[in-house]
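Numbers here simply count residues along the sequence, with the first being 1.
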Amino acid sequence: MALHSGYFTVYVAFHCVIAALINCTLAAPGSGSSNVLSLLQPYDFLYYSGVRAYFGEEWAKAAELLEKSVLTKESLFRVRRQCHDDCVAAGREAFNKLDSEQGSMWDLRALDWVQKKAECLRFCIGRSVTPAGQLPVSTDIEYEFGSRNPYNFLQVTYYKLEKLHKAASAAHTYFVANPSHLEMRNNIEKYRRMEGVTEEDFQDRELENEKHWMLYDSALQYEASSDWVQAAEKWKACVNETLRQTDECRVQCEVASQRLPEDRGVDSVDGVYEKAAALSLSLLSCRQSCVTQIATRPGRISAQEDFLPSQLEHLHIAQFKAGDISGAVQTLRSLLLFYPSDKDSLNNLQLYYETLGGDTESQDTQPAQEVVTYISHSLEEKKLLYFGMENLDFSFIDPDLWTPEDVVPESLRDIWRAEKEKMNEKMKAGDQLEDVDDSGFFAGGSVPQVGVTITMDDEVLNGTNRVVLDGVMTEKECGRILQLATAAASAGDGYRGRRSPHTPHETFEGLTVLRAVKLAQEGLVNQSDARLLHELGERARVLLHSYFRSPSGLFISFTHLVCRSAIAGDQEGRLDLSHPVHVDNCLLEPETKQCWREPPAFIHRDLSAILYLNDNFDGGQLFFTNRDAKTVTARVKPSCGRLVGFSSGPVNPHGVTAVTSGRRCALALWFTKEKLYRDMEREEAEAMWAADGQSVVKKDEEEKEGTAGRNARSQAPKERSRGRGRVTGGRDEL
């Protein structure tokens, strides 16, 4: 529909009215069904009731109410969507007559269209949802469900009810969106060790809302292995799923009840039209924010910039390399709708035309209609929102980098340009910071252990704050720790030799210091070997603290003895890695060369190290890359007693090549400059030794705290332990 230009401001007013009518009538009591009990109840009420039952330790009731709150929310969203689709045709006849009407008749036709659609939605939703269930929920409830907190309560509830399969599923679902939650991480490991619990039990119950991310990751994997046919198929599915998820989000914004705008003070002159305008603009802003919502991974804070255009760029390249030139032309034309003057895209389009030769039909292929519709709707919304910013003092942050300048009013363009430039600078930061390390470490210090030699330094390793030290362990010590790993695996290390979390072609075994001490107390492993495992962490800390000349203290954050074994008969044609390229304290995005220091990354890690135990296997080499995760800058071959140390930040992306035969064992270590994040399990192990009357020789950070510090610490293990309990809380710790 092409609206007359003279009616633009009138259209703005009526867009406000439709929002007001729809949202206000939805919240009003309707005739609905006479059987109120069969209607959907408010899911926030069910949730709060479940939480009360939880704290009252009424576990069966809590499980029932919490599950019902989750299911009711899902059902409410389905009802809204169905009613939206059913009411699309309502008022269509009046809507189609708008262009032919003049004067006051245009106003009446528009009002008729608005009213009929609003009444249809009100009646439809009222048949399935109670009046209270139609009211908007609080921001607290939105946060609780957005952070998946119902599953936090459910995992403990099911554990209390001894329904371990459901507990494991709830724990995993919560952890996906809260990957830095240490207690839940520990709980999941405990579930893995419980009898009857299998890997199949760890299902993400919110997976339906994450399909586009699964497709995205799958497409990247096929792309990395140069399987362009499969990559093109996955990228196309990813684009379609992203559009579907975005549309679903936008529909929920339109149909859900909105809170009425608050008065802006005694000096404001807000009347019914101003309130209607504010309500409508809030709705449009909600629809625009769906871009950010869909582009943010579960557990992440920041959205991926240009999410849909970047998928289209990947897709047209994959289609071209797969031989689907016609499809590549259509996808590239769709991408040019976002950035019509992009030189690279225009050059690629010319290349595709030349490849097609005389195939004029393929050359005339138009952009995908769903992308055309998406951009058209988005631009109309942006025009109204910028109109509100200029004339109604409305606040709006544009989520897109591709917004054309002519959509922005002249009076706002300077601010808009400044914000866009700031965002572009942020995206370029990955290239600019390629060789900058702000970790505070400075390689080149002394090595305070006889027999340890510097084999490779920054120059040889082509990087910053990287080192390889040999002679850190003797052959005998390597043999003892390898024996410990084998004994722990047979005794039950908690992993049961399950497949690696990074590849299906290898099995994975892991052992922490605390677990080793407990196994030693049970007589399942050698006590002296467990103590050696503990001591090796301290040995590595002293060496690296000296070599990297850290001006502050350095604390062990985590110690993990890890063995990866190739699965016999499952290595032919293997193209994956034993551990994909990553950065230890930030989330690497190779496409943009950005590394986001935010959860679920372990942002407290400052220094990383690997202490190798053997070399009688094939593959398993450590390698460093640039931020593109492709350009390899250095490789390190494992051998007994070889220690690799490097700063944990974005200057040191690294991965491990596939282990294609044999068993690769190494001690993985991470260090932090913040005492708060020291490895509490090591201290618990030390306390267990102390309780048995065994001393622990330590040359750690306490030396720098002086005698008074050591005395204070020696008197305070119980107080510290109690304090830690207060910090972690008790509701989600098993």
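Counting all heavy atoms, side chain and backbone alike, Leu39 lies closest to Arg127 at CD2-O, 3.2 Å. Taking each heavy atom of Tyr339 and Pro309 in turn, the nearest pair found is CE1-CB, 4.3 Å. Counting all heavy atoms, side chain and backbone alike, Asn178 lies closest to Ser147 at ND2-O, 3.0 Å. Across all their heavy atoms, Cys87 and Lys117 have their closest contact at O-CG, 4.0 Å. Closest of all the heavy-atom pairs between Glu381 and Arg250 is OE2-NH2, 2.5 Å. Closest heavy-atom contact between Val372 and Pro367: CG2-CB, 4.0 Å.
Classified by interplanar angle (parallel below 30°, tilted 30° to 60°, perpendicular above 60°), the ring pair Phe153/Tyr54 is perpendicular. Ring orientation note: the planes of Tyr352 and His316 are nearly perpendicular, at an angle over 60° on the 30°/60° scale.
Cys83-Cys124 SG separation is under 2.5 Å; the pair is scored as a disulfide.
The only option from Gln252, Gln245, Arg244 that meets the side chain to side chain donor-acceptor pair (under 3.5 Å) definition with Glu248 turns out to be Gln252.
Taking the side chain as every heavy atom from C-beta outward, Gln304 and Thr296 never approach each other to under 4.5 Å. Residues Asp247 and Cys290 form no side-chain contact, since every pair of their non-hydrogen atoms from C-beta on lies 4.5 Å or further apart. Looking only at side-chain heavy atoms (C-beta outward), Phe145 and Tyr43 come within less than 4.5 Å of each other. Within the 4.5 Å cutoff, the side chain of Leu588 has heavy atoms near those of the Cys595 side chain. With a 4.5 Å cut-off on side-chain heavy atoms, Lys236 and Val239 do not count as touching. With a 4.5 Å cut-off on side-chain heavy atoms, Phe307 and Gln311 count as touching. His172 has its side chain within reach of Val176: a pair of non-hydrogen atoms, C-beta onward, lies under 4.5 Å apart.
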Side chain to side chain donor-acceptor pair (under 3.5 Å) for Glu144 and Tyr47? Distances and angles first, verdict last. CA-CA 10 Å; Glu144 289 287 299; Tyr47 176 65; 2.4 Å; yes
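Applying the salt bridge (Lys or Arg N to Asp or Glu O under 4.0 Å) test to every pair with at least one member in residues 399-408, sequence neighbours left out, gives these pairs: Lys382-Asp400, Glu405-Arg417.
Judged by distance alone, the side chains of Asn209 and Glu206 do bring a donor and an acceptor atom under 3.5 Å apart. Remark: the Gln221 side chain and the Asp217 side chain contain no N/O donor-acceptor pair separated by less than 3.5 Å.
The ring pair (Phe, Tyr, Trp, His ring centres under 6.0 Å) test applied to Tyr222 returns no partner, not counting sequence neighbours. For Cys238, the disulfide (SG to SG under 2.5 Å) test picks out no residue, with sequence neighbours left out. For Arg78, there are no salt bridge (charged side-chain N to carboxylate O under 4.0 Å, His left out) partners two or more places apart in sequence or in a different chain. Checked against side-chain contact (heavy atoms from CB on, under 4.5 Å), Ala318 has the following partners two or more places apart in sequence or in another chain: Trp228, Ala231, Ala232, Trp235. Residues meeting the side-chain hydrogen bond (donor to acceptor under 3.5 Å, both in side chains) test with Ser378, sequence neighbours left out: Gln288.
Checked by atom type and distance alone, the side chain of Asn149 never pairs as donor or acceptor with a backbone atom of Asn152 at under 3.5 Å. The backbone N or O of Ser341 lies less than 3.5 Å from no partner atom in the side chain of Ser345, so there is not a single donor-acceptor pair. At least one donor-acceptor pair under 3.5 Å links the side chain of Thr173 to the backbone N or O of Gln203. Using modelled atom types, one side-chain atom of Arg333 and one backbone atom of Thr365 make a donor-acceptor pair closer than 3.5 Å.
The number of heavy atoms from other shown groups lying within 6.0 Å of CZ (Phe45) does not exceed 12. Crowding of Leu412 atom CG: a count of heavy atoms from other residues, nucleotides or ligands under 6.0 Å exceeding 12.
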